[in-house]
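Heads up, the thing below is written out as structure tokens.
Counting starts at 1 for both ligands and their atoms, following the listed order.
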Amino acid sequence: MSRPTGAWRHQPQHRGRMWAASPFFRRQLVLLRSLLPQSPPPSSVAGCRFAHLSSPSGTSGSLRAARAMAAATVYEADAEAVVRRITPPLDRARHKGQAGKIAVIGGCREYTGAPYFAAISALKVGADLSHVFCTKDAATVIKSYSPELIVHPILEESYSVRDDERASVSSKILTEVAKWMERFDCIVVGPGLGRDSFLLDCVSNIMKHARQANIPTVVDGDGLFLITNNLGLVEGNPLAILTPNVYEYKRLVQKVLNCDVNEETASEQLMELCHKIGGVTIMQKGKADVICDGKTVTQVSTFGSPRRCGGQGDILSGSVAVFTSWAQHFILSNEQPTEKRVNPTTLGCIAGSLLLRKAASLAFEKNKRSTVTTDIIEFLGKSLEDICPAEH
Ligand SMILES: NC(=O)C1=CN([C@@H]2O[C@H](COP(=O)(O)OP(=O)(O)OC[C@H]3O[C@@H](n4cnc5c(N)ncnc54)[C@H](O)[C@@H]3O)[C@@H](O)[C@H]2O)[C@@H](O)CC1
Ligand SMILES: Nc1ncnc2c1ncn2[C@@H]1O[C@H](COP(=O)(O)OP(=O)(O)OP(=O)(O)O)[C@@H](O)[C@H]1O
Ligand SMILES: [Mg+2]
């Protein structure tokens with residue numbers, strides 16, 4: 001297996017003044033290098049407007065300023081190096097479950113494809129077990145797509161629950177999910193969840209439980225609708241990963257920052273959003289997937305495919321879940337001092353983004369205009385194999 005040549009490369013097109021002497025910047029470099037020792041330092045870092053940025057209370061002015069300046073520069077991740085580094089070897093001594101147990105909370109009457117795409121992608125990337133918690137209506141359909149998935153038909157929508165039963169049904173749902181929660185390495189909340197108010201209340205309880213249990217949580221699709229209207233569910237949670245598409249991002253910015261998306265100051269705005277929500281990692285999906293954890297802004301811009309068929313975000317959420325759990329294990333087992341650790345959430349986003357893009361590219365090469373999401377899923381395995389061969 002070839003060794004990584006560096007995890008983060010500097011994007012030269014960014015403007016501004018040098019601030020490489022900043023202690024915060026130096027600390028960031030140490031963080032990045034500690035993960036991938038051969039990583040060359042960025043040649044320059046640009047600063048720009050930051051006075052308007054807010055940050056969690058207690059943050060000193062200089063740290064706030066340094067963070068804001070860091071936001072001005074977007075680093076292109078050496079995503080292949082990240083994938084190689086965090087993907088665990090296929091060790092014959094391992095038993096079932098050690099490569100990851102993922103759960104997707106989603107699937108209702110309208111949407112059965114999205115939770116399936118997310119859950120099956122988690123398996124195809126390399127997780128050992130993939131669960132789906134969905135409504136009864138969706139469960140049989142999802143099971144029929146694949147016998148590989150473990151499907152729990154436990155969620156309920158308002159139409160199927162009488163008003164006087166709500167409290168007891170809600171607590172039963174939480175008890176049922178809680179039984180499983182500790183086993184999961186990461187959960188994905190939202191693909192195909194729908195927007196029924198009772199169902200979303202139940203999912204809020206599940207998210208609170210996951211947070212107490214320190215389970216990394218990818219929030220996507222209707223999960224983003226839920227948290228945009230209830231930010232407390234993710235505020236200050238370093239294990240929360242938000243993966244908004246262009247519309248979901250717009251709604252988040254409007255709600256949290258009370259303004260519109262500004263392309264001119266995109267990275268500063270993303271950093272500001274992270275700080276306002278506090279501690280979370282955000283991957284803003286688009287032409288490039290831009291990832292911010294409140295400290296650094298990195299992007300993955302490897303070209304994928306010109307097809308924009310629905311469901312690619314679902315593949316991404318399932319893949320990010322697996323890579324985040326792998327990154328967590330990688331970081332913990334490499335015994336780095338806490339202050340030197342790079343966020344597993346950031347690494348998970350970088351790796352998930354690259355893999356989806358590679359798979360989309362291969363699928364498009366084969367299927368051209370008829371490329372659909374299932375075609376892309378078929379290429380997840382080859383994409384990972386090309387970067388990180390199973391036998392080495
Ligand atoms: N096969 C499936 O079952 C799929 C289900 N999906 C699920 O569908 C649900 C809804 O997700 P969507 O991404 O469709 O979200 P939205 O319901 O927010 O958006 C629906 C569509 O409306 C348009 N739109 C939304 N806001 C807009 C705005 N401000 N300006 C202009 N156009 C706007 C966009 O074309 C968008 O794709 C989620 O649960 C998602 O996971 C998707 O993941 C796609 C695949
Ligand atoms: N303009 C673009 N150019 C190239 N790739 C893109 C573009 N927009 C999105 N993508 C790719 O598609 C992935 C999913 O992003 P997208 O915006 O389609 O998510 P989504 O709307 O949540 O998807 P879903 O239909 O699953 O809900 C991104 O991670 C990126 O790889
Ligand atoms: Mg989506």
**Report entry** Per-atom contact, atom 25 (O) of ligand 2, protein heavy atoms, under 4.0 angstrom
**Finding:** yes
Requested in this report: May I ask which of Cys349, Ser319, Gly313 has a heavy atom nearer to atom 23 (O) of ligand 2 than the others do?
Outcome: Gly313
Report task. Would you check if there is a donor-acceptor pair between the side chains of Glu156 and Ser160 at a distance under 3.5 Å? Result -> yes
Requested in this report: Give yes if a backbone or side-chain nitrogen or oxygen of Gly221 is under 3.5 Å from a nitrogen or oxygen of ligand 1, and no if not.
Outcome: no
Requested in this report: Pick one of side chain, backbone, both or neither for how Asp314 approaches ligand 2, counting any non-hydrogen atom pair under 4.0 Å.
Outcome: both
Query raised in the report: When you measure from the centre of the six-membered ring of Phe225, is the NZ or CZ of Arg195 under 6.0 Å away and within 45° of the axis?
Result: yes
Query raised in the report: Any protein heavy atom under 4.0 Å from atom 33 (C) of ligand 1?
Result: yes
Query raised in the report: Is there a nitrogen or oxygen of Gly311 sitting under 3.5 Å from a nitrogen or oxygen of ligand 1?
Result: no
Requested in this report: Using a strict 4.0 Å threshold on nitrogen-to-oxygen distance, state whether Glu165 and Arg162 make a salt bridge.
Outcome: yes
Query raised in the report: Within the structure, does at least one protein heavy atom fall under 4.0 Å of atom 14 (O) of ligand 1?
Result: no
Query raised in the report: Going by heavy atoms, is Gly190 under 4.0 Å from ligand 1?
Result: yes
Report summary line: Note: Val246, heavy atoms under 4.0 Å from ligand 2, region reported as neither
Report summary line: At under 4.0 Å between heavy atoms, what of Asp220 touches ligand 1? The answer is neither
Report task. Mind checking whether Gln312 contacts ligand 1 via backbone (N, CA, C, O), side chain (CB onward), both or neither, at a 4.0 Å heavy-atom cut-off? Result -> neither
**Report entry** Test: Arg369 cationic atom under 6.0 Å from Phe364 six-membered ring centre, within 45° of axis
**Finding:** no
Query raised in the report: Under 3.5 Å, N or O to N or O, is Lys250 touching ligand 1 that way?
Result: no
Query raised in the report: Counting only heavy atoms on the protein side, is anything nearer than 4.0 Å to atom 11 (O) of ligand 1?
Result: no
Query raised in the report: Is it the side chain (CB and beyond), the backbone, both or neither of Arg251 that lies under 4.0 Å from ligand 1, heavy atoms counted?
Result: side chain
Query raised in the report: Is it true that Gly221 lies under 4.0 Å from ligand 2, counting heavy atoms only?
Result: no
Report task. Assess Gly313 for proximity to ligand 1: is some non-hydrogen atom of it under 4.0 Å away? Result -> no
Query raised in the report: Does a donor on one side chain and an acceptor on the other come within less than 3.5 Å for Tyr145 and Thr112?
Result: yes
Report task. Indicate yes or no: does an N/O atom of Gly310 lie under 3.5 Å from an N/O atom of ligand 1? Result -> no
